[in-house]
Amino acid sequence: MVSVFVTDQHQQLREAIRAFALAKVAPRVAEMESSAAVDTALPDLIAQRGWIGVTIPRQYGGMGAGHLAKTILIEELSRVSGAAGAIAQASQLGVAKILHFGTEQQKQQWLAPIAAGKCLPTIATTEEDSGGHVLGMRATARRGGDHYILNGRKQYVGNSHVGHVHGVIARTGDADTRPSKSLSAFLVRADLPGVRLVPHQPAMGLCGFSFGDIVFEDVRVPVGDRLGEEGDGLDVAYSSSVLYGRPNLTAVSLGIHQAIVDATVEFVSTRRRYDAPLANLPSIKHKLGLMQHRLLTARVAAYHAVHLLDHGQPCDRELMSAKYGNVEAAMDSARTAMEIHAAAGLRTDHEAQRYYRDTACIYAPAGTGDIQLLRLAETALGISRGPQWSVRFAHLTALHPPSAPTETTRKPAA
């Protein structure tokens, strides 16, 4: 435990989530794995506890507990089920855009139902032909009177099949003349005419979680459901990804990593070779020690980054580094665990193979490892993209926020 960051309140929250995960999530895992269908009940079970509102201010009915509390929430759910952690993190990502860019009316309209567990938000940015290149998207939203007409298809939308409102980024301007201001963001209710879900396609891991495709065909979105000003779409996408997406996926990786170590310790302690536990072999101890080192190091990076975020300190690079380091460490330990389990780990009745598959699903979202390294290199070289997102939105992300930024420091360069 990283006690320097964790308070008694954090520990109480951890214990409550752990108890919930063991009682309500663990019994569902086998069915989620065997059916590979979307578990439509589990998101409600999580949301009804009020946990999707962990970073929503109390004035809107949320917990106002901050980003370390959010990390602990996602971590403990992921420790029992990577899919459960993914469900919680995806809706948290959907919260970000409203907190950062929503008007007071939009916050009043959406944050209270989210905090109460009655609404699951998503964010829909990625497209097939553009991937992580947000400015390459083709979805369009054309203004017509008091509505925008939205057309396009989004991929890999977390909670796509259970979400109630989608945060959609679409093109509203000329990509050639002002590329950084050519996108806008919208709150699109899932029940609007023209919003169509593509049938769920099971993935390699995170069984039970939906991250599928949504098609928008001549969807009439009221102007009042635009997030921010026209042209703010790139900022909505980037700020949500850096301040929520990266720490959220860090937390999922961390929870799965802890589960990997737990399962491996149990395996080597109970499996016998040469009339003694497998753990007695020096080669096994070496591998297990390496896994424990990775886990402890990863947790420090994860907690340190969100601790800075909770305290209004610049931490964009720490959030990127934590995401990269935690995902890579979890993937390495998943492979080590499979080596230790050997043939036994290949069978579906062993958890090792599930952890191996689940960790692979955390690599791409919120930026691949290559993207994190590219951005980290830019920070080392002193290449500035404008004010850090953690600085720009410190008055919204910090538990004890500083004053709002001035207009001269508000906008980072794309």
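Keep in mind that this is a model prediction, so the values were computed, not measured.
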Less than 4.5 Å apart, side chain to side chain, heavy atoms only: is that true for [X] and [Y]?
X	Y	value
Arg189	Asp225	yes
Tyr244	Ser239	no
Leu111	Gln106	no

Between [X] and [Y], does any side-chain donor sit less than 3.5 Å from a side-chain acceptor?
X	Y	value
Arg357	Gln353	yes
Tyr356	Glu351	no
Gln108	Glu104	yes
Arg317	Thr379	no

**Q.** With Tyr324 via side chain to side chain donor-acceptor pair (under 3.5 Å) - residues at least two apart
**A.**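 Tyr324 satisfies side chain to side chain donor-acceptor pair (under 3.5 Å) with no other residue.
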(Q) Holding to side chain to side chain donor-acceptor pair (under 3.5 Å), I want the full list of residues that pass it with Asp213, two or more places apart in sequence or in another chain. (A)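 Arg153.
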Q.
For Ala343, is there any backbone N or O sitting under 3.5 Å from a side-chain donor or acceptor partner on His350?
A.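 Not at all, since once roles are kept as given, no pair shorter than 3.5 Å links the two residues.
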Q. Looking at Gln258, Arg299, Arg18, His257, which hits side chain to side chain donor-acceptor pair (under 3.5 Å) with Glu75?
A.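 Output: one option passes, namely Arg299.
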Q. For the ring pair Phe186 and Phe216, is the centre-to-centre distance below 6.0 Å?
A.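 Between Phe186 and Phe216, the centre distance exceeds or equals 6.0 Å.
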(Q) Measuring centre to centre across the rings, with the benzene-like ring taken for any Trp, is Trp110 within less than 6.0 Å of Tyr60? (A)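 No, ring centres 6.0 Å or more apart.
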Q) Taking only residues two or more places apart in sequence or in another chain, which ones pass salt bridge (charged side-chain N to carboxylate O under 4.0 Å, His left out) with Asp349? A)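 Applying salt bridge (charged side-chain N to carboxylate O under 4.0 Å, His left out) to Asp349 gives none.
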